[in-house]
Amino acid sequence: ACLLAAPVTALDIEDITKAVSLQLQDFTVGVLEHKMPWIIAFTPGDESAEATALAESLDALGRVGIVNTKKRTDILKRLNLQKENVPAWRVYAYGDKSPEGADFKTAEEAKAALLASIPKDIVAVAPSQGVFQEALVGAIQAGLVPLLFFAEGQEPPALLSKMAVWFPDSYRVIYMPDAADDIKKSFNVEKLPHMHLMLAAPDGASGQMGFRSVPYDRSKFGAYKFKNLLRFLIQAEMELRKGNMWPEKPEAAQKRAKAAPVADIPKEPVFQITAANSAEACPASKLGLCIIALLDGHPNNAALQAQIDVLTKTQDLPSNRGRALHFMWVDVRCHPTFGAEFGISVDSAPTLIAVSPKKSRFAQHISVFDPEHIAIFISGVLSGKTSIAPYKALPAVGGEDCAALYSAGDEAAGDEFDLNDILGEDVGEDERKQVDEGAEAARQAAEAAADKADRELKERIAREEVERLNKKSKKKSTKAKTEL
């Protein structure tokens, strides 16, 4: 039987490294409607020794199909080809399925083109907790099931690329190279290599999104060989879909959200947090999320109004209709203690946090400051897919006179002296160079300190998320083993 890869359950495992003769339905569904890369051999028969050898050499990193030019005139018509002008080989690259494809004269050229089309990052390599956290959240937001693979060596094994190629719309393959003992212990990894799936599932007690582990059972499926892993992934997807445990694709969620009735929640204008309204801005009794932008309010920040407008545009997006969201901003340059509670300085502006006042927890947006990326961030927080960390208390904004503060700063800047005016001609080139080097060293030290603070915050959030996932995984991994 021919693998169409859509649906994947149509697979005959033993055919994955063979050249298969295609019919019109096979070609339309398996080749043109799936990300799997294909090489098509146009031949006057149903078999081709050269195509067979090519399929074996690809070793499941792509597929080889045969179009019989005498019988399959329907496929030729679909491709606007005539018998007399068919190419020898046509490549349909990974993820690019225009009917025209790319034509080649030799099998070697076609193979090189197919392999070059596979993205270099098709397997996410996560050497640190921060990278792992990013890959995990990205997978969940894309509606993919994270597949974690632990092994020795920095380069991911070839079978991981094969899994990513065969299941691009089902799994996100994440490689954990040379994981430390504490990381392996937290994921119940006793022996390498090790693989398991991570399924997002809400925790009934807390309401937050947790994870349950579905490990690869070597006693049932055999050693870590690609065909065995393929059987496991096919069966896992079938069982999870049957049990309605498969993640929802973003486009499906958006469609469902548009069809759902929208709650009548009045929209509040975006406002600035000041001493006058600080107590009422985001009190513990407030429902939903406070979306607080930390901006540089200095008059010299020409982008300030545009950054405030980003909040308004985000608020007006269709995806935020009916959500209990409260948009506001604070001048973090004038009120640095507000940002300090969340590990944020003015050097990080513009940035944004989502605060759950009832739970005293928050998450920081660390991506692009625009409506689209902020909306994705908000959805992740609301769904529990983005980690939220505790904070002690929402800081009050004091009564600092920001205008006076900035005016004084500008006057001080205007009074800066010229070293040459003070020291005159007595300043030599060496002395001037020393002063310049000292200033540059101070600037670099300040930048390094800011970078370190930002990095430590991200690492802390990632570490807390991993610890939370580990607790969920340990509790439910034993139960999950019996489900497959």
Side-chain angles (χ1 to χ4, degrees), residues 130 270-279 281-282 289-314 326-355 357 361-371 373-374 377-378 381 388-416 438-462:
V270 177
F271 65 91
Q272 180 181 2
I273 303 177
T274 64
N277 64 13
S278 179
C282 188
L289 294 178
C290 296
I291 309 302
I292 307 175
L294 290 84
L295 308 179
D296 182 353
H298 194 286
N300 290 343
N301 179 14
L304 177 61
Q305 186 57 51
Q307 293 163 358
I308 297 173
D309 291 343
V310 166
L311 298 181
T312 302
K313 293 176 182 177
T314 305
H326 316 280
F327 289 80
M328 58 200 78
W329 69 278
V330 65
D331 183 350
V332 72
R333 180 177 292 277
C334 183
H335 307 291
T337 55
F338 188 96
E341 172 63 26
F342 306 100
I344 301 172
S345 70
V346 69
D347 294 329
S348 299
T351 188
L352 177 144
I353 57 175
V355 173
R361 299 181 75 86
F362 82 101
Q364 182 183 357
H365 174 61
I366 55 176
S367 185
V368 181
F369 194 85
D370 65 20
H373 287 83
I374 293 175
F377 163 71
I378 291 173
V381 175
I388 54 177
Y391 63 89
K392 295 180 181 178
L394 195 68
V397 170
E400 295 88 349
D401 188 338
C402 298
L405 178 68
Y406 293 145
S407 178
D410 292 341
E411 290 177 2
D415 292 339
E416 290 180 357
E440 175 63 18
R443 184 188 67 79
Q444 293 180 358
E447 289 182 353
D451 291 342
K452 181 180 179 182
D454 187 53
R455 184 171 61 254
E456 288 176 348
L457 173 64
K458 294 177 182 178
E459 290 177 351
R460 176 170 64 85
I461 293 174

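Along the sequence shown, residues are numbered consecutively beginning with 1.
- Without hydrogens or angle criteria, Asp296 side chain to Arg333 main chain gives no donor-acceptor distance under 3.5 Å.
- When side chains are defined from C-beta on, Trp329 counts as touching Val270, because their heavy atoms get closer than 4.5 Å.
- In this structure, the separation between CG on Leu394 and CZ on Phe342 is 5.0 Å, given to the nearest 0.5 Å.
- Side-chain contact between Ile374 and Phe369 is present, with at least one heavy-atom pair separated by less than 4.5 Å.
- Between Val397 and Thr337 there is no side-chain heavy-atom pair separated by less than 4.5 Å.
- Just one of Ile344, Leu352, Val346 meets the side-chain contact (heavy atoms from CB on, under 4.5 Å) condition when paired with Leu294; it is Ile344.
- Note: Leu405 CG to His298 NE2 = 8.0 Å, rounded to the nearest 0.5 Å.
- The structure places NE2 of His326 at 9.0 Å from CD1 of Ile291, a figure rounded to the nearest 0.5 Å.
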- Applying side chain to side chain donor-acceptor pair (under 3.5 Å), run through Asp331 and Tyr406 and close with a yes or a no. CA-CA 12 Å; Asp331 183 350; Tyr406 293 145; 2.7 Å; yes
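- Atom SG of Cys290 is separated from atom CZ of Phe327 by 10.5 Å, given to the nearest 0.5 angstrom.
- At least one side-chain heavy atom of Cys402 sits under 4.5 Å from a side-chain heavy atom of His335.
- Note that CG of Asn301 is 8.0 Å distant from CG of Leu295, once rounded to the nearest 0.5 Å.
- Residues Ala363 and Phe377 share a closest heavy-atom pair of O-CZ, 3.4 Å.
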TODO: Let me see the working for Val381 and Leu289 under side-chain contact (heavy atoms from CB on, under 4.5 Å), right down to the final yes or no.
DONE: CA-CA 9 Å; Val381 175; Leu289 294 178; 3.8 Å; yes
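- The shortest non-hydrogen separation linking Glu341 to Ala393 is CG-O, 3.6 Å.
- Atom OG1 in Thr274 sits 3.5 Å away from atom CG in Asn277 (nearest 0.5 Å).
- The minimum heavy-atom distance between Met328 and Ala281, with the atom names listed, is CE-O, 3.5 Å.
- Put simply, the side chain of His365 reaches to within 4.5 Å of the side chain of His373, judged on heavy atoms.
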